[in-house]
Amino acid sequence: MNYYSLNKNALKVSFREAVIQGLAPDKGLYFPETITPLSRVFFDSIEKLSNQEIAFETIKQFVGKDIPENELKRIIEETLSFDFPLIQVDENSYSLELFNGPTMAFKDVGARFMSRCLAYFNRDKNQKNTVLVATSGDTGGAVASGFLGIESVEVVILYPSGKVSDIQEKQLTTLGQNIKALEVDGVFDDCQDMVKRAFLDADLKSKKLTSANSINIARWLPQMFYFFFAYKELKKYNKPLVISCPSGNFGNICAGILAKKLGLPIHHFVASTNANDTVPEFLKTGKYIPKPSKATISNAMDVGDPSNFIRIQELYGNNPDNFEKDFSSYSFTDEETKTAIVSLYKTSKYIAEPHGAIGYLGLKKELENKLDAIGVFLETAHPIKFSETVEEILSLTIPIPEQIKNVLDKEKKSLKISSYEDLKAFLLS
Ligand SMILES: *Cc1c(COP(=O)(O)O)cnc(C)c1O
């Protein structure tokens, strides 16, 4: 399987190269050259398959010959070492909980898969890669945990000092080993700018820098598993399936659209956003106009120029008319998000956090005119990750899960930096 760059100005590469490089040399995102639908037999018998078997069948064509089948199966076993429960919240709506991994955010799946692919590619050479990421909170923790102990990969995480929650900071800074946390005197955009500069810096070529956000195909592709898991549970009702994804960089929903290309019968997608409404506006006006990001209570989705939207356009044949059939996108305010959290709790005792609540709002809006459908929203983080907001809205205390207790007891270790020169010196030291 080969991947081409969506900027169309770079050579095609195999899965291995695309994972190691992250972004193509022409700065384009990689995209699979072919997408071959899965067999009828697979869908007819999906309810008899384990999550691991489903994952293997769906991803093997994208990995191709670069990882032997037995190794790929092992990587999948290790990646999917936790459950993905589907919880009914009202008559026709379900929450697919993606947060039972080590850092309690859905990004665990992609981070675990990517780290194990890189470890396999570096298995017998002395080659090392450095994963460099900027985080506003959740990505850093998932990447730190996913890559912990993978000897051939050094992980360097930049986070804005004082701008991430206590839990998030502990998840980033307490692991040690091959994980280094740099505490930047600045905001998230400063971290992001430093990372971008490092990728372009010729002096750092020998460090073999790569990224671990959803532009990397090894983080993006495994996210399609969730959609198959939801279908497996709901197939028996034989109703049109609507899935709503709380969207920031649109990696998750883009993986869902890929799953549909593989033959998964999803009737309709909803990309639910907070006030960062670049895509909802695009669907209204036909014009894609990136904007500076706005701060909201669902801050993992504060993105004004979603990086995966270009992949979605490719999946829809770069024709805006094709979106109308099965794709909607709606934007919601913080006030609406809070109201949804309250109403979910009142009607079904379900505790949602702000990102999931936005997914729920988008789902409900779409189901208004699809009365015969069954709906799923993705709950992308455990409420404890946004406990300050959720506890205030619902006036309750969320018990702290084991995974989180474990890091809270550990000691923070970070290095303070304030300029690009500091970062460069650190990477070269
Ligand atoms: C990253 C994140 C999202 C957004 O996912 P995308 O794939 O970037 O659209 C939503 N919710 C949470 C909790 C996240 O951490």
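This chain uses plain numbering: 1 for the first residue, then up along the sequence. Keep in mind it's a predicted model, so treat the numbers as computed, not measured. One-based numbering, in listed order, for ligands and for the atoms of each.
Formation of a donor-acceptor pair under 3.5 Å by the K128 side chain with backbone atoms of K208 is not found in this model. A distance-only check finds no donor-acceptor pair linking the side chain of Q223 to the backbone of G110 [under 3.5 Å].
The number of heavy atoms from other shown groups lying within 6.0 Å of CG (D166) does not exceed 12. Within a 6.0 Å radius of NZ in K291, other residues, nucleotides and ligands contribute more than 12 heavy atoms. N322 CG: more than 12 foreign heavy atoms inside a 6.0 Å radius.
At a 3.5 angstrom cut-off on N or O pairs, N252 counts as close to ligand 1. No N or O atom of E353 sits closer than 3.5 Å to an N or O atom of ligand 1. Below 3.5 Å of separation, one finds no N or O of F386 facing any N or O of ligand 1. Inclusion of T380 in the set of residues having an N or O under 3.5 Å from an N or O of ligand 1 is warranted.
Of all atoms in ligand 1, listed by their number and element, those nearer than 4.0 Å to a heavy atom of P246 are 4 (C), 10 (C). Close approach to G251 involves these atoms of ligand 1, each under 4.0 Å from a residue heavy atom: 6 (P), 7 (O), 9 (O). Atoms of ligand 1 found under 4.0 Å from any heavy atom of A381, numbered from 1 in the order shown, are 13 (C). Every atom of ligand 1 with a heavy atom of M301 under 4.0 Å away is listed here by number and element: 10 (C). Counting the atoms of ligand 1 from 1 in the order shown, those under 4.0 Å from a heavy atom of D138 are 13 (C), 15 (O). Atoms of ligand 1 found under 4.0 Å from any heavy atom of N249, numbered from 1 in the order shown, are 6 (P), 8 (O), 9 (O).
Checked against the 6.0 Å centroid criterion, the rings of Y350 and Y360 do not qualify as a close aromatic pair. Centroid-to-centroid, the aromatic rings of F84 and F225 stay 6.0 Å apart or farther.
Between F31 and Y4, the two ring planes are tilted [angle within 30° to 60°]. Taking the six-membered ring where the residue is Trp, H355 and F386 present tilted rings, their angle falling between 30° and 60°.
When heavy-atom distances to ligand 1 are checked against a 4.0 Å cut-off, A105 has no atom that comes that close, whether in backbone or side chain.
Counting only non-hydrogen atoms, the option in M104, K107, R219 that gets closest to atom 1 (C) of ligand 1 is K107.
Of the protein's heavy atoms, G248 N, 3.6 Å lies nearest to atom 4 (C) of ligand 1. Residue, atom and distance of the protein heavy atom nearest to atom 5 (O) of ligand 1 are F106 CZ, 3.5 Å.
Contact check on K73 versus E77 returns no salt bridge, with no Lys/Arg side-chain nitrogen under 4.0 Å from an Asp/Glu carboxylate oxygen.
Between S214 and ligand 1 there is no heavy-atom distance shorter than 4.0 Å.
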